[in-house]
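None of the values given here were measured: they were computed from a predicted structure.
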Amino acid sequence: MLEQQPDICFLDIQIIGGSGVELAKALRNSVACHWVFTTAYSEYALDAFDLEATDYLLKPFADSRLASVIAKIHKKPKPSSNLNKKRRQLPVKSVGSVKFINIQDIVWVKGSANYVELYCADKMHLHRETLSALEHFLDPEQFIRVHRSAIVNIDYIHSLNSELGRYSLLQLDNGDEVKIGQSYKAQLLVALGVEND
């Protein structure tokens, strides 16, 4: 769910293993979406609206009621959450401790399945999170996707190099080289103020 970042989440109040309200509370700072609770129990409506739920569907509900909820959501902007308050630090767990990495210190990020490699000036930190999920928390004016498996901090780009006459490689301040994916190149060049080759 964190990786997909849905626009709407329909959630029952009573779910296996706990409460839909508690689940929404746990996720709302990480997922910015419209929460719509669906339940047969009207007494939970107040809890749902305390969470700033977009709507509350009392079972059984007609198709027309569901359609009206979806129509209402289409007219409203997507809710904001702490997701839109970009992280300043990233908690990176290791054996017996949690290290807090300043986001500003990250030179670039390499995605590897369910992990990311966070490259700083002098060290690499392994962090359990997908690249797509992490990207949602990074400031898009500072961090830009340059490859399907790489995001770079614009502040640490040293030079833009070409192979065979085409820009295809970034040289970063820490000495690392990052390949530029063809589908990400145009956006990168605009961000850097460089004319396309």
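Closest approach of V92 to H125, counting heavy atoms only: CG1-CB, 4.3 Å. Considering all non-hydrogen atoms of both residues, L189 and Y167 come closest at CD2-CD1, 4.0 Å. The two residues A150 and V178 make their nearest non-hydrogen contact at CB-CG1, 3.8 Å.
Tracing side-chain contacts under 4.5 Å through hydrophobic residues (I, L, V, M, F, W, Y), one reaches F61 starting from I8; they form part of the same cluster. Side-chain heavy atoms closer than 4.5 Å link hydrophobic residues (I, L, V, M, F, W, Y) into clusters, and following such links, even through other members, never connects V146 to L169. F10 and L23 are members of different hydrophobic clusters when ILVMFWY side chains are connected at heavy-atom separations under 4.5 Å. Taken together through direct or relayed side-chain contacts under 4.5 Å among Ile, Leu, Val, Met, Phe, Trp and Tyr, L126 and L118 form parts of separate hydrophobic clusters. Residues L66 and L11 fall into different hydrophobic clusters, defined by Ile, Leu, Val, Met, Phe, Trp and Tyr side chains chained together at heavy-atom separations under 4.5 Å.
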- Message: Does H158 form a side-chain contact (heavy atoms from CB on, under 4.5 Å) with L172? I'd like the steps, not just the answer.
- Response: CA-CA 5 Å; H158 180 268; L172 305 179; 5.8 Å; no
- Task: Decide side-chain contact (heavy atoms from CB on, under 4.5 Å) for I180 and L160; before the verdict, give the C-alpha distance in whole Å, the side-chain angles of both, and the deciding distance to 0.1 Å.
- Result: CA-CA 10 Å; I180 303 167; L160 179 61; 3.4 Å; yes
- Message: Pair K59, D12 - check side-chain contact (heavy atoms from CB on, under 4.5 Å), show working.
- Response: CA-CA 10 Å; K59 298 177 185 176; D12 203 331; 2.7 Å; yes
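Looking only at side-chain heavy atoms (C-beta outward), S132 and R145 come within less than 4.5 Å of each other. You'll find the side chain of I157 reaches within 4.5 Å of the side chain of L192, heavy atoms only. Counting heavy atoms from C-beta on, the side chains of F143 and I103 come closer than 4.5 Å. Proximity of V36 to C9: side-chain heavy atoms (C-beta onward) are nowhere separated by under 4.5 Å. Side-chain contact between D7 and H34: absent, with no pair of heavy atoms (C-beta onward) separated by less than 4.5 Å. No side-chain heavy atom of I101 sits less than 4.5 Å from a side-chain heavy atom of Q89. Between E141 and I154 there is no side-chain heavy-atom pair separated by less than 4.5 Å.
With rounding to the nearest 0.5 angstrom, the CG atom of L170 is 11.0 Å from the CG atom of D176. For the atom pair CD (Q142) and CD1 (I144), the distance works out to 12.0 Å, reported to the nearest 0.5 Å. In this structure, I151 CD1 and I106 CD1 are separated by 9.5 Å, a value rounded to the nearest 0.5 Å. Here the CG-NZ distance, from L90 to K99, works out to 12.0 Å after rounding to the nearest 0.5 Å. With rounding to the nearest 0.5 angstrom, the OG atom of S68 is 7.5 Å from the CG atom of L57. Here the straight-line distance linking atom OH of Y115 with atom CD of E129 works out to 12.0 Å at 0.5 Å rounding.
With sequence neighbours excluded, the residues satisfying side chain to side chain contact (heavy atoms under 4.5 Å, CB included) with K93 are V98.
Between the side chains of E117 and Y119, a donor-acceptor pair is found at a separation under 3.5 Å. Side chain to side chain, N153 and W108 fail the donor-acceptor criterion of an N or O pair below 3.5 Å.
Residue K72 qualifies as enclosed at atom NZ: its count of foreign heavy atoms under 6.0 Å is above 12. Applying the 6.0 Å contact sphere to CZ of R65 captures more than 12 heavy atoms from other residues, nucleotides or ligands. Few gaps surround CD on Q171; more than 12 heavy atoms of other groups in view lie less than 6.0 Å from it.
Taking the six-membered ring where tryptophan is involved, the planes of Y56 and F37 are tilted, since the angle between them lies from 30° to 60°.
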